[in-house]
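Working notes, beginning with the structure itself.
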Amino acid sequence: MTGLKALLVEGIHPVAADLLTTSGIEVERESRAFGGDELVSRLAGVQVLGIRSGTHVTAEVLAQAPDLRVIGAFCIGTNQIDLQAATARGIAVFNAPFSNTRSVVELAIAEIIALTRRLTVQDDAMHAGQWRKSAKGSHELRGRRLGIVGYGKIGSQLSVLAEALGMHVRFYDTADRLALGNARRCATLEELLGDSDVVSLHVDGRPGNSGMFGDAQFGLMPPGGIFLNLSRGFLVDHGALRERIVSGHLAGAAVDVFPKEPAGAGDPFESELRGLPNVILTPHIGGSTEEAQQDIGDFVAGKLVGYLRAGVTGLSVNLPEVQLPRLGGAIRLLLLHRNQPGALAHLAGVLAEGGLNVEQQLLTTAGTVGYAVTDVRGTLGTDVTDRLRGLPETIRLDVIPG
Ligand SMILES: NC(=O)c1ccc[n+]([C@@H]2O[C@H](COP(=O)([O-])OP(=O)(O)OC[C@H]3O[C@@H](n4cnc5c(N)ncnc54)[C@H](O)[C@@H]3O)[C@@H](O)[C@H]2O)c1
């Protein structure tokens with residue numbers, strides 16, 4: 001894969017650069033985020049862009065990046081990328097949906113134990129020179145009820161670890177999810193809230209979830225309850241959470257995500273939750289461990305290489321999924337096109353007229369887009385590729401030599 005250039009920004013783990021370099025891609029690394037005109041100028045001649053959550057790849061940026069073929073979001077979320085615009089330009093986007101699941105779960109477990117034993121309160125008193133030996137308000141986890149809202153990748157793994165510690169797990173999810181171990185599914189959020197000593201929020205950030213947790217939901221939790229949010233900041237009314245802590249209705253909370261988060265390290269942090277007892281605040285570090293960062297670097301770089309080397313779109317965020325093993329010596333054509341009748345027939349016609357024999361082919365469609373991967377033998381001239389690029393439904397054609 002010579003002649004390809006990658007720009008990796010925001011301090012992506014070095015394993016990503018290593019993997020790309022080993023695959024023959026020239027890599028440039030930057031430690032900070034880029035935006036607007038600066039990003040556009042850095043994208044000249046760049047086919048591969050690697051970002052984390054701080055670099056916004058807007059439709060305007062994409063319109064001015066004609067060389068770009070693929071974006072790797074070395075994180076979980078892809079809200080910072082205009083996916084519709086990327087798809088319209090035939091730019092594949094990949095992320096790392098699983099790599100930091102375990103890290104988030106371990107932080108949640110640590111916080112459930114810390115809050116249930118009032119560790120931060122004890123720790124603050126000791127640092128202030130006060131010896132307050134008491135069992136009041138401290139509990140074992142064993143036998144306590146954990147309610148998990150959102151039983152996806154993180155919620156379900158938390159379920160397994162919490163149960164191993166002796167907690168009784170119940171969960172609520174809007175989708176059908178398999179209950180792991182002895183976890184019990186609740187029919188409604190209300191049922192879960194009324195029956196949990198600890199409530200941990202792990203839903204995704206779909207627009208309908210905005211503000212889903214407010215005073216009414218906290219009010220349904222039993223007195224002495226503990227609340228955790230390591231999912232998204234805009235899901236929770238922090239003013240209401242503050243009131244419930246101050247009034248003593250809730251015994252503690254751990255919050256890792258905030259409606260407005262400072263842009264960079266060292267920036268000031270404001271929140272209604274500052275200064276409250278038995279409330280653990282962390283700067284969105286649920287998934288931030290060295291293990292997770294390394295795994296993300298490895299996972300996403302692997303996806304980028306797979307796409308550039310063989311057109312593989314498995315787990316792509318925006319393109320239909322195609323995984324077709326390569327045939328030795330065959331030329332591979334990657335045709336991304338608008339999903340409309342006749343697209344495959346047009347492709348077959350042009351190849352036949354160009355004297356190219358199709359050895360294998362796979363087409364997948366998703367919504368408005370179709371993606372056909374075709375292996376051919378013969379001599380592929382620019383007459384054929386020009387005709388394919390000129391088809392009315394073509395979004396993008398890439399060719400991987402045999
Ligand atoms: N703190 C961090 O550093 C960090 C790191 C990784 C992920 N996250 C966040 O954690 C959350 C969970 O991540 P995941 O990988 O488990 O996601 P996921 O998509 O695997 O699971 C989310 C689950 O929530 C369910 N859900 C959505 N809306 C719901 C609702 N209103 N009520 C009940 N269930 C609902 C979905 O059906 C799904 O099962 C996401 O918001 C993600 O952004 C935070």
Side-chain angles (χ1 to χ4, degrees), residues 10 52-54 73-81 94-112 146-162 169-180 183-193 195-196 199-214 216-217 220 227-238 253-262 265 269 271 273 280-296 299-300 315 317:
E10 300 189 68
R52 294 174 68 188
S53 52
F74 286 77
C75 51
I76 310 296
T78 49
N79 292 346
Q80 73 281 34
I81 303 167
F94 295 92
N95 68 340
F98 319 120
S99 300
N100 62 10
T101 300
R102 176 72 187 208
S103 300
V104 179
V105 170
E106 289 191 12
L107 181 61
I109 291 283
E111 291 179 332
I112 293 170
L146 170 63
I148 299 174
V149 185
Y151 206 66
K153 293 180 282 296
I154 293 173
S156 58
Q157 192 163 150
L158 175 62
S159 171
V160 173
L161 265 69
V169 177
R170 57 270 288 124
F171 70 89
Y172 170 68
D173 199 300
T174 44
D176 287 330
R177 296 282 180 235
L178 174 70
L180 301 178
R184 181 172 69 78
R185 183 189 183 101
C186 293
T188 63
L189 178 61
E190 290 69 26
E191 179 191 338
L192 175 137
L193 295 176
D195 193 32
S196 302
V199 170
S200 199
L201 195 53
H202 298 286
V203 304
D204 54 61
R206 68 187 71 178
N209 284 345
S210 179
M212 67 176 280
F213 230 93
Q217 286 68 34
L220 290 172
F227 174 77
L228 279 81
N229 183 17
L230 291 88
S231 55
R232 295 293 184 97
F234 61 85
L235 307 179
V236 178
D237 178 347
H238 283 183
V255 179
D256 186 46
V257 285
F258 300 85
K260 271 195 192 146
E261 297 183 356
F269 163 68
S271 167
L273 301 176
I280 300 174
L281 303 180
T282 45
H284 205 147
I285 50 154
S288 303
T289 60
E290 293 188 12
E291 288 79 5
Q293 289 310 313
Q294 177 164 350
D295 200 70
I296 288 171
F299 184 89
V300 179
L315 287 184
V317 179

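Scope of the values below: all heavy atoms of this structure, side chains included, with no hydrogens, waters or symmetry mates. Start at 1 and go down the list; that is how both ligands and their atoms are numbered.
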- Based purely on interatomic distance, does G287 place a nitrogen or oxygen under 3.5 Å from a nitrogen or oxygen of ligand 1? yes
- Please write down residue, atom name and distance for the protein heavy atom closest to atom 18 (P) of ligand 1. K153 NZ, 3.7 Å
- Message: Return the closest protein heavy atom for atom 9 (C) of ligand 1 as residue, atom name and distance.
- Response: S231 O, 3.5 Å
- Message: One residue to check: V203. Relative to ligand 1, which of side chain, backbone, both or neither has a non-hydrogen atom less than 4.0 Å away?
- Response: both
- Query: Short list, please: which atoms of ligand 1 are under 4.0 Å from a heavy atom of V104?
  - Reply: 4 (C), 5 (C), 6 (C)
- Specify side chain, backbone, both or neither for D173, according to which of its non-hydrogen atoms lie closer than 4.0 Å to ligand 1. both
- Of all the non-hydrogen atoms in the protein, which one sits nearest to atom 8 (N) of ligand 1, and at what distance? L230 O, 3.9 Å
- Note on the structure: If you scan protein heavy atoms around atom 1 (N) of ligand 1, the nearest is D256 OD2, 2.8 Å
- Please write down residue, atom name and distance for the protein heavy atom closest to atom 6 (C) of ligand 1. N100 OD1, 3.5 Å
- Task: Of the side chain and backbone of I154, name the one, both, or neither that has a heavy atom under 4.0 Å from an atom of ligand 1.
- Result: both
- Nearest heavy atom to atom 28 (N) of ligand 1: which of I76, N209, L107 does it belong to? N209
- Item | Contacting atoms of ligand 1, where contact means under 4.0 angstrom from a heavy atom of R206 | 27 (C), 28 (N), 36 (C), 37 (O)
- Return the residue, atom name and 0.1 Å-rounded distance of the protein heavy atom closest to atom 21 (O) of ligand 1. G152 CA, 3.2 Å
- Query: Using the ring of each side chain (for Trp, its six-membered ring), is F171 parallel, tilted or perpendicular to Y151, with breaks at 30° and 60°?
  - Reply: parallel
- Would you mind running through ligand 1 and noting each atom that sits below 4.0 Å from a heavy atom of H284? 1 (N), 2 (C), 3 (O)
- Let me know which of V203, V105, L230 forms a side-chain contact (heavy atoms from CB on, under 4.5 Å) with I154. V105
- T101 contact mode with ligand 1 (heavy-atom cut-off under 4.0 Å): neither
